[in-house]
> 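There's a structure below that I have some questions on.
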Amino acid sequence: MYYGGDYNPEQWPEEVWHEDVALMRRAGVNLVTVGVFAWSRMEPAPGVYDFGWLDRVMDLLHEGGIQVDLATPTASPPPWMPADARNVTASGARLMYGSRDTYCVHSPVYREHSRAIVSELVARYGTHPALAMWHVHNEYGSACHCEHAAEAFRTWLQRRHGTLESLNDAWTTAFWSQHYSSWQQITPPMRTQWHPNPAHVLDWRRFRSDAMLEHFLDAKRLLAPTGKPVTTNYVFGSWVDVDHWAWSCEVDVIAVDHYPSSPETADEESAFAADLARSWAAGKPWMLMEQAAGVVYSGGRTLPKAPGELARHSLRHVAAGASGVLFFQWRASRGGAELWHHGMVPHAGPDSRTFREVCELGRTLGAISSADGARELLGLAPSRPAEVAIVWDDQAWWSLQSPSLPSPDLDYWEAMRQAHRVLFRRDVAVDFVSPSADLSRYRMVLVPCLPPISDADAARLRAFPGTLVVSFFSGVTDEHNRVRLGGHPGAFRERLGIRVDEFRPIEEPVKLSDGSTAGVWSEAVELRGAEAVAHYPDGGAAITRNGNAWYVSTRLDDDSLDRLLFTHCA
Ligand code: GLA
């Protein structure tokens, strides 16, 4: 079990490093991530390397018995980096250095400098005894709309669509006179007068994820000869720029950064994050790469964690199978943009509640040898394989980040959270699955929100023989964001035995005939073989059943969804 955090010795004088290692040993820390944002210290001028300080840090950590997750520092290029490497916004403005994440993965000069610094790290530390794994970059997610990006996008589109004709068709460019007569006319979605074309934007999001993955794979190829596993940390939350299913096939150790959004929901949020990470890992090792030692963010405020919460949130991940629990960061910074971000060693120093809890957690983790050990500490029954799956699709989420929707209340994140939360409260083991996953091992599959779906994936889901629970605004479009015609939800209406001819978003909650509370959305559902199990106040079908296929045409509150899943569908 790995325990530790991001360690940024470059922010501190060398005397502090000795204290750091002594305190790490006291806390039971055995792994630290080093160098994530240290590019300008490693390479103060182009091609001029200064690794003396890092040599000493690596040796010191090794002497202290602490392993290193050594980072490639490419998320924060130094000020000397040529302007061409910095990203251009959708308005055409080039961003300036002075913060972090100003990089363009399409820029040849950035790619070249990225490869050079990775090669230097491999040559210098590839056989260092402290090296446990490589940490590529940090939270991939910057967008760039420069000419290099446009060129790469066009090449990607040519591969995806083959001909301009088929791209025009897929993007419905007949709408608003957007027909392209040459590949050169196609650009990234730039700032324009009114709503962008949602199919254009969806392909752009797919392309960006693939392009960042290429940058990751560039590094991975260079790191491969060292034989050490390669990780990268996923952002967790609504800033979702990578297609986690595609990425997770390439990442050796899946790693998530998780910062709960409120103290009341932190526990179930942690379980949600852990189940997603475990599902993305699909049997490979995974870990909680970052969390905050003393704080939960809530509406822009940083609230201290209540006593014991630090351990509880960590154990949630271990209970789901995490092989490591790390924090951002080891020592709280004195200055810089995140000077008020907590550390395992807070500004007050080791004589603090946070550090005492950090040490206690180190002892607890040191004594646990399995996920069930953590489950026991949390008062949970031993783990068992999941029989229930929730379909998760980043691409569906991207499609819901569009302004071209029939209601502003369609919320992908909340739909996923709610489905998981209701199962979590009953301690039901649950996996997340991609829309193209093999579903044969599950008894029940939930599709809480999946607007675009390809024909092949739709056919696979329709053929699932177990209990299928589909919620509103799923299967309504194809993979190009084109509406499936002939009544909603086009991809599933036959299996569900229904046909919807009108969406009726609602503002105020309503009571259904079975006592359920419903809100956000309603529909005119016509029964075509299904029976209604709950009706709207006007008598229309709200929840339907066709054999073991259920349709929920509205947003139920948690108790009502619980009743549906555990009383009706059970
Ligand atoms: C992210 C980043 C870290 C740090 C934390 C602060 O997870 O990876 O570098 O900025 O957020 O919450």
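Starting from 1, each residue takes its place in the sequence as its number. Whatever order the structure lists ligands and atoms in, that order sets their numbers, starting from 1. As the structure is a prediction and not an experimental result, all values here were calculated from the model.
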> Check each atom of ligand 1 against the heavy atoms of N138 and keep those under 4.0 Å away; list them by number with element.
2 (C), 8 (O), 9 (O)
> Starting from atom 10 (O) of ligand 1, locate the nearest protein heavy atom and write down its residue, its atom name and how far away it is, to 0.1 Å.
E338 OE2, 2.5 Å
> Exactly one of V32, T364, V29 should register a side-chain contact (heavy atoms from CB on, under 4.5 Å) with Y3. Which one does?
V29
> When you measure from the centre of the six-membered ring of W53, is the NZ or CZ of R41 closer than 6.0 Å and no more than 45° off the axis?
yes
> Which ligand 1 atoms, with their elements, are less than 4.0 angstrom from a heavy-atom of F37?
9 (O)
> Under the side-chain contact (heavy atoms from CB on, under 4.5 Å) test against E139, which residue among D241, V242, T232, N233 passes?
N233
> Show me which atoms of ligand 1 lie under 4.0 Å from any heavy atom of E139.
1 (C), 2 (C), 7 (O), 8 (O)
> Tell me, please, which residues at least two apart from E309 pass salt bridge (charged side-chain N to carboxylate O under 4.0 Å, His left out).
none
> Among residues at least two apart in sequence or on other chains, which ones pass ring-ring contact (aromatic ring centres under 6.0 Å, His included) with Y412?
W392, W397
> Among protein heavy atoms, which lies nearest atom 11 (O) of ligand 1, and at what distance?
E290 OE1, 3.7 Å
> For ligand 1, is there an atom lying under 4.0 Å from some heavy atom of R100?
yes
> Counting each atom of ligand 1 from 1 as listed, which ones have a heavy atom of H341 under 4.0 Å away?
6 (C), 12 (O)
> Should we say atom CZ of R425 is surrounded by more than 12 heavy atoms from elsewhere, each under 6.0 Å from it?
yes
